[in-house]
> 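Please read through the structure below; I'll follow up with questions.
Atoms within a ligand are numbered from 1 in the order they appear, just like the ligands themselves.
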Amino acid sequence: MSSAFALNSTNGRPPFTGSGEVFVAQQDVFSAEECQTLRQLMDLSPTESGNLSGFGTVRSIRACDISWLDDQPETSWIFERLARLLSSINQQSFGFRLDSFQEGAQLIRYDGSELGTYDWHADRGRAPATRTRKLSVSVQITPEAEYQGGRLELNGEGTVIEAPASLGTAIVFPSFVLHRVTPVTAGRRIALVAWLHGPAFS
Ligand SMILES: O=C(O)CCC(=O)C(=O)O
Ligand SMILES: [Fe+2]
């Protein structure tokens with residue numbers, strides 16, 4: 001596995017110079033074959049409309065379909081991979097006190113036919129299950145060439161940074177960081193998203 005690298009600039013913009021890292025990108029967390037398996041899982045699983053934590057469905061803010069993944073024997077390899085990744089990135093970059101995954105992971109599909117999107121938000125939510133989210137991860141499981149738009153952007157102290165979107169790359173960020181997925185204008189984008197929970201910041 002390639003080493004983690006902090007990506008604080010894209011598109012020729014100068015490096016981000018605010019306090020702390022906005023996100024860490026790690027390439028090749030899942031192989032192309034594993035991404036294909038995850039996509040098939042999404043295609044075979046029942047989906048529901050993505051909603052806003054404690055706030056129901058507002059399609060103008062979040063237009064996507066999600067499928068919940070629970071930590072079952074067949075899916076434990078996914079959670080183990082994510083747990084190892086998040087723990088090592090947390091140690092290197094964030095130093096948060098973390099406990100465990102306290103909710104399922106989500107496979108999320110954004111469809112170009114409805115301009116699938118998720119507007120600016122932070123992942124730490126209002127609901128009991130989302131209040132304790134501390135570290136978020138999004139893994140790109142569709143090849144970039146299969147869709148247009150659908151960029152994951154993060155806003156660190158007013159600077160909007162586009163995350164790399166190569167297949168199998170994981171983007172890890174504190175759950176309080178503002179981020180969005182810009183509308184998918186063609187094709188479809190699928191991401192695997194999960195959160196590690198922990199005690200309140202003190
Ligand atoms: O699709 C993504 O890459 C991120 C999704 C997201 O921000 C979320 O579900 O909270
Ligand atoms: Fe999010």
Side-chain angles (χ1 to χ4, degrees), residues 7 10 22-27 29-30 35 38-39 41-42 45 47-70 78-79 81-82 85-86 89 94 96 101-112 114-127 129-144 146-156 160-197:
L7 261 183
T10 53
V22 177
F23 68 89
V24 174
Q26 169 100 36
Q27 290 179 304
V29 171
F30 290 91
C35 290
L38 288 165
R39 288 172 67 174
L41 208 55
M42 172 97 220
S45 309
T47 59
E48 57 190 70
S49 183
N51 64 17
L52 309 178
S53 169
F55 220 77
T57 300
V58 185
R59 219 64 189 173
S60 59
I61 298 176
R62 189 180 189 198
C64 59
D65 292 308
I66 65 171
S67 161
W68 284 100
L69 276 185
D70 289 326
I78 303 166
F79 288 87
R81 189 79 53 85
L82 292 177
L85 170 81
L86 290 170
I89 288 181
F94 300 114
F96 294 166
F101 296 112
Q102 280 160 32
E103 56 190 321
Q106 289 181 5
L107 286 162
I108 311 181
R109 185 173 54 221
Y110 303 83
D111 225 296
E114 61 156 353
L115 298 179
T117 190
Y118 194 171
D119 207 350
W120 289 111
H121 67 281
D123 287 344
R124 183 181 181 276
R126 302 169 178 80
T130 58
R131 285 181 66 86
T132 55
R133 288 175 175 173
K134 289 179 87 174
L135 207 53
S136 303
V137 59
S138 165
V139 186
Q140 313 309 301
I141 63 165
T142 31
E144 275 182 278
E146 289 188 13
Y147 61 91
Q148 276 161 30
R151 299 289 123 181
L152 175 61
E153 295 184 341
L154 299 100
N155 186 336
V160 175
I161 307 168
E162 182 182 311
S166 44
L167 187 68
T169 292
I171 310 301
V172 179
F173 53 97
S175 300
F176 53 73
V177 168
L178 281 176
H179 56 285
R180 72 168 170 182
V181 178
T182 64
V184 173
T185 54
R188 52 180 214 163
R189 170 187 184 272
I190 302 175
L192 167 68
V193 171
W195 304 271
L196 258 185
H197 297 244

> Can you tell me which residue and heavy atom of the protein come closest to atom 1 (O) of ligand 1, and the distance to 0.1 Å?
Tyr110 OH, 2.6 Å

> Should His179 be counted as touching ligand 1, given the test is an N or O pair under 3.5 Å?
yes

> Which value, rounded to the nearest 0.5 Å, describes the distance between Tyr110 atom OH and Thr182 atom OG1?
10.0 Å

> Using a 3.5 Å distance criterion without hydrogens, assess whether the side chain of His179 forms a donor-acceptor pair with backbone atoms of His121.
yes

> Determine, using heavy atoms of His121 and all atoms of ligand 1, whether some pair is separated by less than 4.0 Å.
yes

> Among the N, O or S atoms of His179, which one sits nearest to the Fe ion (ligand 2)?
NE2

> Using a 4.0 Å heavy-atom cut-off, say whether Ile108 meets ligand 1 through its side chain, its backbone, both or neither.
side chain

> Determine the interplanar angle of the Trp195 and Trp68 rings, folded into 0 to 90°, and report it as parallel if under 30°, tilted if 30 to 60°, perpendicular if over 60°.
tilted

> To check you understand the geometry: which heavy-atom pair defines the closest contact between Gln140 and Cys35, and what is its length?
O-SG, 4.1 Å

> Just need the protein heavy atom nearest to atom 8 (C) of ligand 1, so name the residue and atom and give the distance.
Tyr118 CE1, 3.5 Å

> Counting only N and O atoms by type, is there a donor-acceptor contact under 3.5 Å from the side chain of Arg124 to the main-chain atoms of Arg131?
yes

> Of all the atoms in ligand 1, which lie at a distance below 4.0 Å from a heavy atom belonging to Ser138?
2 (C), 3 (O)

> Only heavy atoms of Ala191, strictly under 4.0 Å: list the atoms of ligand 1 that pass.
1 (O), 3 (O)

> Tell me the protein heavy atom at minimum distance from atom 10 (O) of ligand 1, and give that distance in Å.
Asp123 OD1, 2.9 Å

> Give yes if a backbone or side-chain nitrogen or oxygen of Gln140 is under 3.5 Å from a nitrogen or oxygen of ligand 1, and no if not.
no

> Just let me know how Arg62 lines up against ligand 1, side chain, backbone, both or neither, with a heavy-atom cut-off below 4.0 Å.
side chain

> Could you give the distance from CD1 (Ile171) to CZ (Phe173), rounded to the nearest 0.5 Å?
8.5 Å

> Considering just N/O/S atoms, say which atom of Asp123 is closest to the Fe ion (ligand 2).
OD1

> Is Glu114 salt-bridged to Arg188, cutoff N-O under 4.0 Å?
no

> Can we say Glu103 and Arg133 salt-bridge, meaning some charged N sits less than 4.0 Å from an Asp/Glu carboxylate O?
yes

